[in-house]
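A quick write-up on the structure given underneath.
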Number of protein chains: 2
Amino acid sequence: MALTAETITDTALDILSRYGLGDLSMRRLARELEVQPSALYWHVKDKQSLLVLISKSLKVEVDAACPVTADPLAAAMSLREVLLKYRDGAEIVLLGYSIAAADVTPQALSSERLGAEISQGILTLTLGAVAVEQNRRLFDIDPAGAAENFAANAAAMLAVIRSPS
Amino acid sequence: MALTAETITDTALDILSRYGLGDLSMRRLARELEVQPSALYWHVKDKQSLLVLISKSLKVEVDAACPVTADPLAAAMSLREVLLKYRDGAEIVLLGYSIAAADVTPQALSSERLGAEISQGILTLTLGAVAVEQNRRLFDIDPAGAAENFAANAAAMLAVIRSPS
DNA sequence: ACCTGAACACCGTTCAAGT
DNA sequence: ACCTGAACACCGTTCAAGT
């Protein structure tokens with residue numbers, strides 16, 4: 001496998017879904033790719049920028065499942081599903097969204113569609129809720145009713161759209 | 001200063017508000033307290049449990065400013081303020097809330113007062129929004145209108161209380 | 001252009017041993 | 001009971017040197 005930013009990201013995604021963020025080190029990544037750790041730094045600025053690349057990749061995955069015109073609540077649920085696929089997805093995308101919001105926000109939840117305020121609201125709610133949910137799974141705490149709970153709260157926040165103040 | 005779980009927590013809080021989570025290592029903490037790193041482990045199980053202690057301490061701080069009967073939106077704003085005081089407060093409390101929700105939730109936002117669903121909704125929204133805001137401050141990205149934005153979204157979610165479905 | 005090898009400055013945690 | 005000292009198994013990142 002030719003070493004590129006893409007192959008590095010893909011391998012990272014693989015480690016992430018299998019073992020989680022705790023096992024995603026630059027050294028571990030290098031071992032998996034059978035290169036020296038330092039080799040990674042020719043293709044990727046640092047670990048943080050790799051996490052942003054990962055965040056962008058998850059956005060693309062959500063977009064593939066959600067057209068621009070998708071119902072915002074359905075889009076938020078899709079985002080949640082994708083975040084859950086990658087063990088610590090929410091924590092990573094929280095970082096990615098902080099640094100490069102526009103590149104990480106799913107098209108169906110963009111500020112162009114929902115307005116900056118609600119777009120940010122639904123993103124931060126989703127990232128916060130799923131981050132907590134993923135932490136709980138990690139510690140074997142039962143995240144009882146997580147999906148329904150999240151759906152209800154997201155719906156409440158989105159209700160403003162159909163009845164603006 | 002006698003080494004106890006409390007003095008360790010207080011020193012951690014001090015490092016946190018001055019330098020942030022990146023500088024809060026067990027080794028750094030030990031240096032500040034003028035003991036060997038291993039000494040900390042007699043008083044505290046591990047770093048994670050220290051972060052939970054910190055989270056509980058922030059809850060107490062919010063409770064001191066917000067009576068049980070405080071307006072939920074005002075309480076959420078107070079929580080935000082306290083989280084902002086400690087550079088990476090949101091990230092830490094996100095962890096603490098995941099592990100020990102009841103011990104970390106401010107009394108004015110408890111599930112007893114608001115119901116489990118809304119309590120969790122407002123907590124995860126606050127933690128997500130402030131975590132993003134703190135990351136942005138860290139990277140010198142202007143968190144434009146963060147307070148008003150957050151207030152509007154929190155209000156939308158809390159609006160369900162006065163008009164339940 | 002792309003990668004290796006070695007180094008630097010760190011981590012969290014454990015545990016025998018001291019007092 | 002409480003702490004030291006040393007060790008273990010890691011980190012992210014840089015940089016000269018190789019091809």
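FYI, side chains are in, hydrogens and waters are out, and symmetry mates aren't considered; it's all heavy atoms of this structure. Chain letters run A, B, ... following the sequence lines, proteins first, then strands; residues in each count from 1.
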According to side chain to side chain contact (heavy atoms under 4.5 Å, CB included), who are the partners of [X], at least two apart in sequence or on a separate chain?
X: B:Glu32; result: B:Thr11, B:Ile15, B:Arg18, B:Arg28
X: B:Ile141; result: B:Arg136, B:Phe139
X: B:Ser38; result: B:Gln36
X: B:Arg87; result: none

Please list, one pair per line, the donor and acceptor atoms closer than 3.5 Å that link side chains of residues 90-99 of chain A to other protein atoms, with sequence neighbours excluded.
unit_1  : atom_1 : unit_2   : atom_2 : d
A:Ser98 : OG     : A:Leu94  : O      : 2.6
A:Ser98 : OG     : B:Asn135 : ND2    : 3.1

Please output the side-chain donor-acceptor pairs of residues 112-122 of chain B that fall under 3.5 Å, not counting sequence neighbours, one pair per line with the distance.
unit_1   : atom_1 : unit_2   : atom_2 : d
B:Glu112 : OE1    : B:Ser110 : OG     : 3.4
B:Arg113 : NE     : B:Val68  : O      : 3.0
B:Arg113 : NH1    : B:Val68  : O      : 2.9
B:Arg113 : NH1    : B:Ala70  : O      : 2.9
B:Arg113 : NH1    : B:Ala108 : O      : 3.1
B:Ser119 : OG     : B:Leu109 : O      : 2.7
B:Ser119 : OG     : B:Ser111 : N      : 3.4

Q.
Just to be sure I understand: a Watson-Crick pair is purine N1 to pyrimidine N3 plus N6-O4 or O6-N4, both under 3.5 Å. Using that and G-U wobbles, which stems of three or more pairs involve DNA chain D?
A.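 So far as stems of 3 or more pairs are concerned, DNA chain D shows C:4-8 with D:12-16, C:12-16 with D:4-8.
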Q.
For a quick test of reading the model: is some side-chain N or O of A:Gln36 closer than 4.0 Å to OP1 or OP2 of C:dG5?
A.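 Yes, such a contact exists.
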(Q) Taking only side-chain N and O atoms of A:His43, does any of them lie within less than 4.0 angstrom of OP1 or OP2 on C:dA1? (A)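 False: A:His43 side-chain N/O out of range (4.0 Å or more) of C:dA1 OP1/OP2.
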Q | Sequence-distant partners of A:Lys45, salt bridge (Lys or Arg N to Asp or Glu O under 4.0 Å), two or more places apart | A |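 For A:Lys45, no residue satisfies salt bridge (Lys or Arg N to Asp or Glu O under 4.0 Å) once neighbours in sequence are set aside.
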Q: For A:Leu33 and C:dT4, give me the distance from atom CG to atom C1', rounded to whole Å.
A: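 That distance rounds to 15 Å.
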Q.
Counting primed atoms plus P, OP1 and OP2 as sugar-phosphate and everything else as base, spell out the protein contacts along nucleotides 7-17 of chain C at 4.0 Å heavy-atom distance: B, S or - for each nucleotide, 5' to 3'.
A. B---BBBBB--
Q.
Please pick, from D:dC3, C:dC2, C:dC3, the nucleotide with the shortest atom-to-atom distance to any side-chain atom of A:Trp42.
A.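 Nucleotide nearest to A:Trp42's side chain: C:dC2.
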Q: Can you run down the side chain to side chain donor-acceptor pair (under 3.5 Å) pairs that involve residues 72-83 of chain B, sequence neighbours left out, and say none if there aren't any?
A: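 Output for this query lists B:Arg80-B:Glu133.
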(Q) Suppose we screen for side chain to side chain donor-acceptor pair (under 3.5 Å). Which residues come up paired with B:Asp103, at least two apart in sequence or across chains? (A)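 Testing B:Asp103 for side chain to side chain donor-acceptor pair (under 3.5 Å), a comparison that skips the adjacent residues, returns none.
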Q.
Contact list please: residues 13-22 of chain B against DNA chain D, heavy atoms, distance less than 4.0 Å, in numerical order.
A.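 Heavy-atom cutoff 4.0 Å gives no residues at all.
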Q: Kindly determine whether A:Ser57 and A:Ile54 satisfy side chain to side chain contact (heavy atoms under 4.5 Å, CB included), including the steps that lead there.
A: CA-CA 5 Å; A:Ser57 167; A:Ile54 292 170; 5.5 Å; no
